[in-house]
Amino acid sequence: MYLHIDMDYFFAQIEEKRRPMASDKIIVVCVFSGRTEDSGVVSTVNYLGRSVGIKSGMPIAFAKKRAPPADSIFIPMDRPYYNEISAQIDSIIRENFEKIVQASVDEWNVDDPKSGEKAAELKNEILRETNLTCTIGVAPSLLGAKMVAAKVKPNGLIIINEEEEKKLIENSALEKVPGIGPKTTETLRLMGAEKVSDLPKLDRLRLVEVFGRKMGGWLSELGSGRYPSELGEDKDQDEISRIGTLKEKTRDQYMIKSKLKELEKEAKSWLIERKKSYRTLAIIFITEDLKTHTKSLSFRNPKGWSEDIEKEKETLVSEFLFENQMEIRRVGIRFGNFMDLGGQTTLF
Ligand code: TTP
Ligand code: CA
Ligand code: CA
C-alpha cells in the first residue's frame, strides 16, 4: 500500500497555531516584495480565508479587499520556521516508516505494506507532536493515494481498496490527475478524452506520437488501469535535518549526545550520497512545551562529512542547557549552507 501525506494549509496553519487567539480569523501568509506596503503575493491562506475567495498566488492588495481588517491577519512568510516544522514532521514519519520520499515542504510519499493500519496512528502522532493537522490518503497505488487524499482534505484520513481506487481514478476528469497539466488536458480533450476512462479509446501509438514516449506511455498505462507508484525523488533542499525523540524528557547531556550521534550518522549518510559539504551546523531542541529552539554556528571553510564535530556539538548543547531550564523531548541536528564537493556552491 502507498500513503500520501499532505499538511493542511501548511504555512497558514503554523501561523494560526502560533497565535491561539487568532483561530477565528482569516490568516494570510504573504510574500511581501517591499515595493509598496501591499506589494507582493499570497503564499497561502487558512480555510476561513479561502471561503471568501483568497488563494495562493493572489496579489496581497486583492486579498485585502476580500478580508475585513478586523477579522484578518496578514503575516510575512517565515520560511526558516516552516522548514523547521517540516523537518520535525519528516522525522516523525521516518520513525514510523522506511521507504519515504519528501516530495515538497509539506508532502510525503510512503511505500509500506502495513501503511493502512499505521496511518491513523501517524496522523495522531503528527498532531500530538506539532499540533498540526494533515490529510492522509492510503491506496494500492501512489497515484490513488494522492487522488483520494485530495478528496478528503483538510484533516482527512481515508483508506481505499483496489476496486475503489479503480473507480475513483477512472471517473476522474483528466485535469484532476496529478501529472496531467492543463496543456495535456486540452490536447486530450481535442482527441476526444475528458475522463481517465476515455483513455483506452485512444491508441497507444497515437498517444506516444502526440505526447512523446514517456508521457504517451504513461497515459496509456493509466488508461489500462496500471497506476504509477514511483515514490520519486526527495525535494531539492539546501539543508538536511534529522530530528529524533528522546526515550524520556531529559536534560541529561549523555542521553542527548548519544541521540545526536545517531541522528548525525543519518544526516551524514544523506550528505555523502549527494556529495555535499556544509558550512553551518545547528542543534535543534524541542522542549517539553513543544517549542522549537535552535543553536547554530557557521564555519569559515566548508566541512566534509568525515570531519569531526564533537566539540562543536558539545558547545551548542551546553550553551542551550545553560540558557534554558526546560526538559527536552526531541533533539535534532542540521547541516546547511552546502557546497558540492566539486567545489561549486549550490544555488539557493
Ligand atoms: P499546498 O500543499 O499546495 O497548500 P496548503 O498546504 O497551503 O493548503 P492545502 O490544505 O490545500 O494543502 O502548499 C504547501 C505550502 O506551500 C503552502 O502552505 C504555502 C506554500 N505555497 C506557496 O508559497 N505558494 C503557492 O502558490 C502554493 C500553492 C503553496
Ligand atoms: Ca498542503
Ligand atoms: Ca502540498
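Remember, it's 1-based here, ligands and their atoms both numbered in the order they're listed. Hydrogens, waters and symmetry mates play no part in the numbers below; they use all other heavy atoms, side chains included. Worth saying up front: this structure is predicted, and the values here are computed from it rather than measured.
Considering only non-hydrogen protein atoms, atom 2 (O) of ligand 1 sits nearest to Asp106 OD2, 3.1 Å. The nearest protein atom to atom 7 (O) of ligand 1, hydrogens excluded, is given as Thr44 OG1, 2.6 Å; this is a heavy-atom distance.
Taken to the nearest 0.5 Å, the NZ atom of Lys166 stands 10.0 Å off from the OG atom of Ser197.
Asp6 has its closest N, O or S atom to the Ca ion (ligand 2) at the position named OD2. Between the Ca ion (ligand 3) and the N, O or S atoms of Glu107, the shortest distance is to OE1. Summary: OD2 is the N/O/S atom of Asp106 found nearest to the Ca ion (ligand 2).
Taking every non-hydrogen atom of Ser56 and a distance limit under 4.0 Å, the qualifying atoms of ligand 1 come out as 25 (C), 26 (O), 27 (C), 28 (C). Counting the atoms of ligand 1 from 1 in the order shown, those under 4.0 Å from a heavy atom of Tyr9 are 5 (P), 6 (O), 7 (O), 8 (O), 9 (P), 10 (O).
Considering only non-hydrogen atoms, atom 8 (O) of ligand 1 lies nearest to Arg50 out of Lys153, Gln13, Met7, Arg50. Compare Ser43, Gly57, Ala12, Cys30 by their heavy atoms: the one nearest to atom 25 (C) of ligand 1 is in Ser43. Which of Tyr82, Phe10, Phe11, Tyr47 comes nearest to atom 16 (O) of ligand 1 through a heavy atom is settled by distance: it is Phe11.
Relative to the ring axis of Tyr82, Arg79 does not place its NZ or CZ within 45° and under 6.0 Å from the centre. In this structure, Lys257 fails the cation-pi test against Tyr254, since its NZ or CZ atom is not both closer than 6.0 Å to the six-membered ring centre and inside 45 degrees of the ring normal. A cation-pi geometry, defined here as NZ or CZ lying under 6.0 Å from the six-membered ring centre and within 45° of its normal, holds between Arg18 and Tyr81. A cation-pi arrangement is not found for Lys276 relative to Phe335, the charged atom failing to lie both closer than 6.0 Å to the ring centre and inside a 45° cone about the ring normal.
A side chain to side chain donor-acceptor pair (under 3.5 Å) with Gln88 is found for exactly one of Thr292, Asn83, Thr130, namely Thr292.
For the pair Ser56 (side chain) and Ser43 (backbone), a donor-acceptor distance under 3.5 Å is present. Side-chain N or O atoms of Arg242 include none that pairs as donor or acceptor with a backbone N or O of Ser91 at under 3.5 Å.
Using a 4.0 Å cut-off between heavy atoms, Asp6 contacts ligand 1 through its side chain alone, with no backbone atom that close.
Among the atoms of Tyr9, none of the N, O or S atoms falls under 3.0 Å from the Ca ion (ligand 2).
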